[in-house]
**Q** 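This structure is in structure tokens; I'll ask about it shortly.
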Amino acid sequence: MSQMLPPFVPARVAIVYVTGVLEILGGIGLLVPMTSRAAGICLLVFLILILPVNIYSAIQRVPMGGHASGPAYLLARVPLQLIFIGWTWWFGVR
């Protein structure tokens, strides 16, 4: 996943681990009624902020660490990401 980030981004591996933990915490937050809306907003912002990374990876044809479909997989992620953004808004924020 760190290959998906542009080379000028420092600490790419650490960023991947931190964002992974944040995604897990956001998912848990969705399950807790008192924090579900805030978690939904945070996940929505997160998904919007990482959308350029998916676009960059698709354009640069990042090999995705041996993923068999490589760039085709990354191209499919962009519209899927838009679906996740809408889904998060619908179920987590609205």
Side-chain angles (χ1 to χ4, degrees):
M1 297 298 278
S2 65
Q3 295 173 1
M4 292 176 66
L5 295 168
F8 65 82
V9 175
R12 295 185 301 170
V13 173
I15 288 171
V16 170
Y17 283 116
V18 168
T19 57
V21 169
L22 292 175
E23 285 180 89
I24 292 168
L25 292 174
I28 292 169
L30 286 174
L31 299 173
V32 178
M34 189 166 38
T35 62
S36 64
R37 188 165 197 284
I41 291 169
C42 290
L43 286 170
L44 186 64
V45 169
F46 173 77
L47 288 169
I48 291 168
L49 289 175
I50 64 167
L51 183 58
V53 171
N54 287 330
I55 294 169
Y56 166 83
S57 300
I59 291 170
Q60 295 298 316
R61 303 180 62 80
V62 173
M64 258 314 272
H67 191 284
S69 299
Y73 166 75
L74 293 168
L75 283 172
R77 282 179 65 130
V78 174
L80 187 61
Q81 182 99 9
L82 296 173
I83 292 169
F84 288 155
I85 289 169
W87 194 22
T88 301
W89 178 80
W90 184 263
F91 291 106
V93 178
R94 182 183 68 90

**Q** Quick one: closest heavy-atom pair of A58 and L75, and the distance?
**A**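 Answer, listing the atom of A58 first, then L75: CB-CD2, 3.5 Å.
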**Q** Are V16 and L25 linked, directly or through other ILVMFWY residues, by side chains that come within less than 4.5 angstrom of each other?
**A**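 No, separate clusters.
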**Q** Would you kindly confirm whether L80 and M4 end up in one hydrophobic cluster when ILVMFWY residues are joined by side chain heavy atoms under 4.5 Å apart?
**A** no
**Q** What about V45 and L22, same hydrophobic cluster or not, with Ile/Leu/Val/Met/Phe/Trp/Tyr joined at side-chain heavy-atom distances under 4.5 Å?
**A**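 As far as the 4.5 Å side-chain criterion goes, L22 and V45 are not connected within one cluster.
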**Q** Within the structure provided, determine whether L82 and L51 are in side-chain contact (heavy-atom separation under 4.5 Å).
**A**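 In contact.
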**Q** If you take all heavy atoms of Y56 and L5, which pair is closest and at what distance?
**A**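 Heavy-atom minimum between the residues: CE2-C, 4.0 Å.
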**Q** Do F8 and M1 sit in the same hydrophobic cluster, where Ile, Leu, Val, Met, Phe, Trp and Tyr count as joined when their side-chain heavy atoms come under 4.5 Å apart?
**A** yes
**Q** Determine the minimum heavy-atom distance between L44 and I85, stating which atoms define it.
**A**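 Smallest interatomic distance, heavy atoms only, reads CD1-O, 3.3 Å.
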**Q** Is the side chain of T35 donor-acceptor paired with the backbone N or O of G29 at a distance under 3.5 Å, no angle test?
**A** yes
**Q** Assigning hydrophobic clusters by single linkage (Ile, Leu, Val, Met, Phe, Trp, Tyr; side-chain heavy-atom cutoff under 4.5 Å), is L47 placed with W87?
**A** yes
**Q** Could you tell me the separation between the OH atom of Y17 and the OG atom of S2, rounded to the nearest 0.5 Å?
**A**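 These two atoms lie 8.5 Å from each other.
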**Q** With side chains defined as the heavy atoms from C-beta onward, is the minimum distance between T19 and I50 less than 4.5 Å?
**A**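 Not touching, per the 4.5 Å side-chain cut-off.
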**Q** Could you pull out the closest heavy-atom pair between P33 and S36, with the gap in Å?
**A**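 Of all heavy-atom pairs spanning P33 and S36, the closest is O-OG, 3.3 Å.
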